[in-house]
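Below is one structure, written out as structure tokens; comments come after it.
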2 protein chains.
Amino acid sequence: MRRDVFQAIADPTRRAIIGLIAIQAMTPNALAEYFDTTRQAVSKHLQILTECEIVRQEQTGREIYYHFNPGKMKEVADFVEPFRQLWEKRFDQLDHVLRKIKTTKK
Amino acid sequence: MRRDVFQAIADPTRRAIIGLIAIQAMTPNALAEYFDTTRQAVSKHLQILTECEIVRQEQTGREIYYHFNPGKMKEVADFVEPFRQLWEKRFDQLDHVLRKIKTTKK
DNA sequence: CTATTGCGCAACCAAAAAGTTGCGCATATA
DNA sequence: TATATGCGCAACTTTTTGGTTGCGCAATAG
């Protein structure tokens, strides 16, 4: 089972969950109200997000609050970053970018 | 069929293809040599990347070169950007970030 | 103690994705 | 022309997802 950040943000519902949780920690029930699905479905997404460590649980009595952990998002940023110059200034300083990609990968 | 950038970069093989093609345009056969799969499998990934407009075809005789189109990568960068401050300086200027997320979404 | 609420977990289902195989078309080579 | 190459496309199989339903457990409320 592939469980990385890229898989986590591939689903639009999960991206929305991340957006909501980044604003404030929430319980599965509270989150489910924002979507047109059941609590269990949201719960499954939260499980995936937890496995990817994008989200962190915090039990308070019988409620479980899910907090956002921004750390993993950096991985995505790091992947996109080398391409930035390609879309900002195209065909300019190209070899510098490529050297950057080569050393980053592998 | 969901066809967006996030789906495109969810697969590690596709991320590798993007990395290779960003360095220089390649044909499916040339690409396939880098991976432990068939040309057709690579071809399918290229098809998906083409639909997402991350990659662009260019026919030269009987060969088809796939070029990288960095434009779509910006969408990913735009998604991650609002969270940047959360992982750089945590709990600092938080409400500014949140306002940013709120206006970006929906 | 009993009832209710908030959960996770396991089993099951339908849909989508990833990969394979076989084909046909167009270009290049002899 | 005959043959080989590079490719896309379609059909099919297997694996992975996203979702639902039903259960049981722990914590609160009465």
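In the text below, chain A, chain B and the rest are named by the order of the sequence lines, each starting its count at 1.
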Spacing between [X] atom [atom1] and [N] atom [atom2], to the nearest angstrom:
X	N	atom1	atom2	result
Gln7(A)	dA18(C)	CD	C1'	12 Å
His45(A)	dT16(D)	NE2	C1'	14 Å
Leu49(B)	dA17(C)	CG	C1'	14 Å
Phe6(B)	dG18(D)	CZ	P	15 Å
Arg3(A)	dG18(D)	CZ	P	8 Å
Asp11(B)	dA18(C)	CG	P	5 Å

My understanding is that only residues two or more places apart in sequence, or in another chain, count here; which of them pass side-chain hydrogen bond (donor to acceptor under 3.5 Å, both in side chains) with [X]?
X	answer
Gln59(A)	none
Tyr65(B)	Glu63(B)
Glu53(B)	none
Glu33(A)	none

Are any protein N/O atoms closer than 3.5 Å to N/O atoms in nucleotides 20-24 of chain D? If there are, list each pair with its distance.
from    : atom 1 : to       : atom 2 : distance (Å)
dT20(D) : OP2    : Thr38(A) : N      : 3.4
dT20(D) : OP2    : Thr38(A) : OG1    : 2.7
dG22(D) : O6     : Gln40(A) : NE2    : 3.1

(request) Say whether, by atom type as modelled, one donor and one acceptor occur between the side chain of Arg15(A) and the main chain of Ala10(A) under 3.5 angstrom. (result) yes
(message) Classify Ile48(A) by what it touches in the nucleic acid, base, sugar-phosphate, or nothing, heavy-atom distance under 4.0 Å.
(response) sugar-phosphate
(request) Check every strand shown and say whether Thr27(B) touches a base, only sugar-phosphate, or nothing at a heavy-atom separation below 4.0 Å. (result) sugar-phosphate
(request) Sorted by first residue and then second, give each side-chain hydrogen bond (donor to acceptor under 3.5 Å, both in side chains) pair with at least one member in residues 35-49 of chain B; sequence neighbours left out. (result) Arg14(B)-His45(B)
(message) How close do Pro28(A) and Leu46(A) get, counting heavy atoms only, and between which atoms?
(response) CG-CD1, 3.9 Å
(message) Among residues 59-67 of chain B, which ones have heavy-atom contacts with DNA chain C below 4.0 Å?
(response) Gly61(B), Arg62(B)
(message) With ring-ring contact (aromatic ring centres under 6.0 Å, His included) as the rule and sequence neighbours excluded, what pairs involving residues 3-41 of chain B come up?
(response) Phe6(B)-Phe79(B)
